[in-house]
Amino acid sequence: MTPRLSIQPEPFDVAAEIAALTAELGGRAGAIVSFTGLCRDEDGRLAALELEHYPGMAEAEIGRVLDEAAGRWPLQGAVAIHRHGLVRPGEGIVLVLAASAHRTAAFEAASFLMDYLKTRAPFWKREHHADGTLGGWVEATEHDAAAAERW
């Protein structure tokens, strides 16, 4: 299995990504689990999130997380796509796909991937408010750290 990852400014097409992975697997997978993280409007307060990353380092870290998932579960395919730049409410920020012969491994691997992307991938988020002001950088949450610790 060769996991696929992309860090990109443009939106991704969830259905096209699932179709591409399905075609690549040629009928070997019994389950593909997907997770799409979306930008929220925070009750109308947020106009966009600005996502920055450290090029090279972000790809390397996400690659390590994908490899770790492949070592823990019998995955037949995995995809991680993360946006950077301005992301508007309702748009996808991150997409994770995990494919396996059985659903349990695919669900667990997808959950692991998201928990670790939230805590280990070098991305920074800054809020752009609907009133035109620029907010601060969003801090990591204790909930995200606790979720990653379960693995």
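Sequence positions, counted from 1, serve as the residue numbers for this chain.
Each salt bridge (Lys or Arg N to Asp or Glu O under 4.0 Å) pair with one or both residues in residues 122-143, not counting sequence neighbours, appears once here: Arg45-Glu127. Pairs engaging residues 6-20 under the salt bridge (Lys or Arg N to Asp or Glu O under 4.0 Å) rule: Arg4-Glu17 [sequence neighbours left out]. Listed by first and then second residue, the ring pair (Phe, Tyr, Trp, His ring centres under 6.0 Å) pairs that reach into residues 125-148 come to none, sequence neighbours excluded. Applying the salt bridge (Lys or Arg N to Asp or Glu O under 4.0 Å) rule to pairs touching residues 85-101 yields Arg83-Glu91, sequence neighbours excluded. For residues 96-108, the pairs satisfying side-chain hydrogen bond (donor to acceptor under 3.5 Å, both in side chains) are Trp73-Glu108, with sequence neighbours left out. Residues in residues 16-53 take part in these ring pair (Phe, Tyr, Trp, His ring centres under 6.0 Å) pairs, two or more places apart or across chains: His53-His84, His53-Phe123. Sequence neighbours left out, the pairs with a member in residues 28-41 that pass side-chain hydrogen bond (donor to acceptor under 3.5 Å, both in side chains) are Arg40-Glu42.
Members clustered with Leu134: none, using a 4.5 Å side-chain heavy-atom cutoff among hydrophobic residues.
Gln8 meets the side chain to side chain donor-acceptor pair (under 3.5 Å) test with Ser6; sequence neighbours excluded. Under the rule for a salt bridge (charged side-chain N to carboxylate O under 4.0 Å, His left out), Glu59 has no partner lying at least two apart in sequence or in another chain. With sequence neighbours excluded, the residues forming a side chain to side chain contact (heavy atoms under 4.5 Å, CB included) with Ala110 are Val33, Val96, Ala98, listed by chain and number. Residues satisfying the side chain to side chain donor-acceptor pair (under 3.5 Å) test with Trp124, not counting sequence neighbours, are none.
Connection of Val65 to Leu95 is not established within any shared hydrophobic cluster, with ILVMFWY side chains joined at heavy-atom distances below 4.5 Å, either directly or through further cluster members. Leu66 and Leu117 end up in the same hydrophobic cluster when Ile, Leu, Val, Met, Phe, Trp and Tyr side chains are linked at under 4.5 Å. There is no path of hydrophobic side-chain contacts, each under 4.5 Å, that joins Ile62 to Tyr54. Note on Phe12 and Ile7: separate hydrophobic clusters, where clusters join Ile, Leu, Val, Met, Phe, Trp and Tyr whose side-chain heavy atoms are under 4.5 Å apart, directly or indirectly. Val14 and Leu21 fall within the same hydrophobic cluster, where Ile, Leu, Val, Met, Phe, Trp and Tyr residues are linked whenever their side-chain heavy atoms come under 4.5 Å apart, directly or through other members.
Across Ala69 and Leu113, no two heavy atoms sit closer than the pair CB-CD2, 3.8 Å. Considering every non-hydrogen atom in both Ala109 and Leu75, the closest pair reads CB-CD2, 3.6 Å.
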- Let me see the working for Leu5 and Ile81 under side chain to side chain contact (heavy atoms under 4.5 Å, CB included), right down to the final yes or no. CA-CA 6 Å; Leu5 75 95; Ile81 300 173; over 6 Å; no

- Message: Evaluate Leu49 against Leu86 for side chain to side chain contact (heavy atoms under 4.5 Å, CB included), listing each step before the verdict.
- Response: CA-CA 6 Å; Leu49 275 179; Leu86 284 180; over 6 Å; no

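Glu68 and Arg72 are joined by a salt bridge, as a carboxylate oxygen and a charged side-chain nitrogen come within less than 4.0 angstrom of each other.
Side-chain contact between Leu51 and Val87: present, with at least one pair of heavy atoms (C-beta onward) separated by less than 4.5 Å. With a 4.5 Å cut-off on side-chain heavy atoms, Ile93 and Leu38 do not count as touching.
Rounding to the nearest 0.5 Å places CD1 of Ile32 at 9.0 Å from CD of Gln76.
Here the side chain of Thr22 pairs a donor or acceptor atom with the backbone of Ile18 at under 3.5 angstrom.
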